[in-house]
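This report refers to the structure that appears directly beneath it.
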Amino acid sequence: MKFVFIGPPGAGKGTQAERICAENNIKQLSTGDILRHNVKIGSELGKVAKEYMTSGRLVPDNLIIDMIKEELNSPLYSNGFLLDGFPRTIPQAQAFDELLQKFNTKIDLVLLLDVSDEEIITRISGRRICKTCNRVFHVVFNPPPDPKECDKGICDIYQRDDDKEETVRHRLEVYHNQTKPLVEYYSSQSLVAHIDGIGSLDEVYDRIKSHFPSKV
Ligand code: ADP
Ligand code: ADP
């Protein structure tokens with residue numbers, strides 16, 4: 001199965017993606033995670049991307065499209081994937097459609113996670129991430145575990161640089177201007193499932209699951 005996950009920053013995509021992928025034996029592809037890894041190791045891509053990411057702007061389309069093409073070559077994605085954070089612009093979606101056509105395949109479903117801007121601010125300001133296992137938590141709604149209970153060693157919890165309120169407000173603007181038009185783009189292909197993202201993690205997951213094609 002091939003899914004695309006669209007939603008504002010902090011809507012809960014990464015959180016839900018982890019469960020969807022684990023339960024359906026498909027691989028999550030988060031462009032944000034790949035970019036943060038590149039920033040961390042100081043690659044050429046990371047050096048360019050860092051400036052855009054810190055200020056809450058989108059990394060240029062050509063860099064993202066090249067990155068996705070290379071990443072999707074990996075056999076890790078052969079059983080299916082969930083794209084978290086890509087595409088984020090119409091040119092990215094068009095380039096992705098060309099790539100899918102080349103491989104004679106299609107997206108099965110586009111999940112649109114809907115959360116209001118004010119709730120986003122609450123969620124992002126409490127977001128914490130484990131450097132070791134990459135899992136996402138919230139100080140109130142989904143508190144980080146005891147450090148010793150990390151899947152891959154000792155949990156090392158941090159807050160993302162771009163999760164400051166001012167940067168988040170800018171990222172929301174970018175979402176409304178550049179990413180929201182994708183809803184129309186994919187609706188014209190009858191692919192979009194609208195999901196109310198307000199509620200507990202289980203409630204949101206159940207809503208998502210109700211849209212899965214019966215094969216999943
Ligand atoms: P969030 O989970 O809060 O939506 P991400 O981790 O997906 O944020 O992305 C963090 C930052 O990485 C974005 O603000 C942007 O600068 C960059 N980024 C991630 N994916 C893309 C993309 N598809 N196109 C352009 N920039 C991207
Ligand atoms: P995204 O990948 O869309 O940027 P995340 O999955 O990182 O979003 O979630 C953003 C923050 O909101 C995290 O701190 C996460 O723990 C929290 N969160 C996710 N889903 C919910 C929910 N249903 N209710 C409350 N908080 C949530």
Side-chain angles (χ1 to χ4, degrees), residues 4-21 28-40 45-46 48-69 71 82-96 111-116 118-130 134-145 157-165 167-180 182 195-208:
V4 165
F5 217 162
I6 296 178
K13 301 183 296 298
T15 303
Q16 296 293 339
E18 192 185 318
R19 186 161 168 194
I20 297 168
C21 290
Q28 177 185 1
L29 195 173
S30 158
T31 41
D33 284 349
I34 301 175
L35 290 167
R36 278 185 288 280
H37 174 71
N38 275 275
V39 171
K40 191 169 150 191
L45 170 63
V48 179
K50 187 176 179 184
E51 203 187 307
Y52 291 93
M53 294 170 79
T54 317
S55 58
R57 287 174 299 152
L58 293 182
V59 176
D61 287 336
N62 60 328
L63 297 179
I64 297 289
I65 291 161
D66 287 349
M67 184 179 96
I68 281 282
K69 281 184 182 162
E71 184 68 22
L82 186 153
L83 296 179
D84 166 12
F86 176 90
R88 241 166 158 115
T89 64
I90 296 283
Q92 289 182 19
Q94 287 167 334
F96 184 49
L111 298 161
L112 171 69
L113 198 54
D114 207 14
V115 174
S116 69
E118 283 321 302
E119 174 71 12
I120 289 298
I121 302 289
T122 310
R123 288 191 183 181
I124 294 198
S125 53
R127 171 156 64 185
R128 299 291 182 273
I129 300 170
C130 170
N134 244 358
R135 279 185 301 166
V136 178
F137 302 98
H138 188 281
V139 287
V140 177
F141 306 128
N142 183 21
I157 301 295
Y158 79 109
Q159 183 171 27
R160 275 170 46 178
D161 285 348
D162 57 345
D163 277 355
K164 284 174 292 186
E165 181 166 338
T167 316
V168 173
R169 291 210 182 268
H170 182 62
R171 282 160 62 203
L172 276 169
E173 233 175 82
V174 168
Y175 172 75
H176 289 297
N177 293 333
Q178 300 196 54
T179 306
K180 223 36 204 308
L182 291 179
I195 319 281
D196 177 1
I198 302 292
S200 69
L201 300 188
D202 284 347
E203 282 167 342
V204 176
Y205 184 71
D206 287 344
R207 285 178 206 141
I208 292 174

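Every number for a ligand or one of its atoms is a count from 1 in the order of the listing.
Of the N or O atoms in Gly85, one or more lie within a sub-3.5 Å distance of an N or O in ligand 1. In terms of N/O distances under 3.5 Å, ligand 2 is approached by Ala11. Checked by distance only, ligand 1 and Gln92 come closer than 3.5 Å through their nitrogen or oxygen atoms. Every N/O-N/O distance between Tyr52 and ligand 1 stays at or above 3.5 Å. Considering backbone and side-chain atoms alike, Ser30 places every N or O at 3.5 Å or more from each N or O of ligand 1.
The nearest pair of heavy atoms linking Arg135 to Pro145 is NH2-CG, 4.0 Å. Considering every non-hydrogen atom in both Pro9 and Tyr175, the closest pair reads CD-CB, 4.0 Å. Smallest separation of non-hydrogen atoms from Lys13 and Leu113: N-CD2, 3.9 Å. Of all heavy-atom pairs spanning Pro143 and Phe137, the tightest one is O-CD2, 3.8 Å. Across all non-hydrogen atoms, the minimal contact from Thr54 to Thr167 is O-CG2, 3.6 Å. Scanning both residues, Leu182 and Pro87, for their nearest heavy atoms gives CD1-O, 3.1 Å.
Here Arg123 does not pair with Glu165 in a salt bridge; the nearest charged N to carboxylate O distance is not below 4.0 Å. At a threshold of 4.0 Å, the pair Lys40-Asp33 does not count as salt-bridged, since none of the basic side-chain nitrogens sits closer than that to a carboxylate oxygen.
Selection from Arg123, Glu119, Gln16, Arg160 by nearest heavy atom to atom 24 (N) of ligand 2 gives Arg123. Among Asp33, Thr122, Thr15, Leu201, the residue whose heavy atom lies nearest to atom 21 (C) of ligand 2 is Leu201. With distances taken over non-hydrogen atoms, the option nearest atom 3 (O) of ligand 2 out of Arg128, Glu18, Arg135, Lys13 is Lys13.
Scanning the protein heavy atoms around atom 9 (O) of ligand 1, the nearest turns out to be Arg88 NH2, 3.5 Å. Here the heavy atom of the protein found nearest to atom 23 (N) of ligand 2 is Gly199 O, 2.9 Å. Counting protein heavy atoms only, atom 26 (N) of ligand 1 is closest to Val59 N, 3.0 Å. In terms of protein heavy atoms, atom 2 (O) of ligand 2 is closest to Gly14 N, 2.8 Å. Atom 13 (C) of ligand 2 has Phe137 O, 3.5 Å as its closest protein atom, hydrogens excluded (heavy atom only). Summary of contacts: the protein heavy atom closest to atom 7 (O) of ligand 2 is Arg127 NH1, 2.6 Å. Scanning all protein heavy atoms for the shortest distance to atom 8 (O) of ligand 2 gives Gly12 N, 3.0 Å. Looking at atom 12 (O) of ligand 1, its nearest protein heavy atom turns out to be Met53 CE, 3.5 Å. In this structure, atom 10 (C) of ligand 2 lies nearest to the protein heavy atom Gly10 O, 3.5 Å. Of the protein's non-hydrogen atoms, Phe141 CD1, 3.3 Å is the one closest to atom 25 (C) of ligand 2.
Here Ile64 has side-chain heavy atoms under 4.0 Å from ligand 1, and that is the only part of it that gets that close. Here Leu35 has side-chain heavy atoms under 4.0 Å from ligand 1, and that is the only part of it that gets that close.
When each atom of ligand 1 is checked for a heavy atom of Arg36 under 4.0 Å away, the hits are 6 (O), 10 (C). Atoms of ligand 1 found under 4.0 Å from any heavy atom of Thr31, numbered from 1 in the order shown, are 19 (C), 20 (N), 21 (C), 23 (N). Counting the atoms of ligand 1 from 1 in the order shown, those under 4.0 Å from a heavy atom of Arg57 are 15 (C), 16 (O). Within ligand 1, counting atoms from 1 as listed, the ones closer than 4.0 Å to a heavy atom of Arg171 are 1 (P), 3 (O), 8 (O), 14 (O).
In this structure, Gly7 falls outside the shell of residues with a heavy atom less than 4.0 angstrom from ligand 2.
The structure places CZ of Arg19 at 14.5 Å from CD of Gln28, a figure rounded to the nearest 0.5 Å. Between atom CG of residue Leu201 and atom CD of residue Glu18 there is a gap of 10.0 Å, rounded to the nearest 0.5 Å. Once rounded to the nearest 0.5 Å, the distance linking CD1 of Ile68 with CG of Asp61 reads 11.5 Å.
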Self-check item: Worked verdict on Arg171 versus Ile124 for side-chain contact (heavy atoms from CB on, under 4.5 Å)
Solution: CA-CA 11 Å; Arg171 282 160 62 203; Ile124 294 198; 4.2 Å; yes
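Between the side chain of Arg207 and the backbone N or O of Val204, no donor-acceptor pair lies under 3.5 Å.
Among Asp163, Asp162, Asp161, the single residue meeting the salt bridge (Lys or Arg N to Asp or Glu O under 4.0 Å) criterion with Arg127 is Asp163.
Within 6.0 Å of NE2 in His176 there are more than 12 heavy atoms belonging to other residues, nucleotides or ligands.
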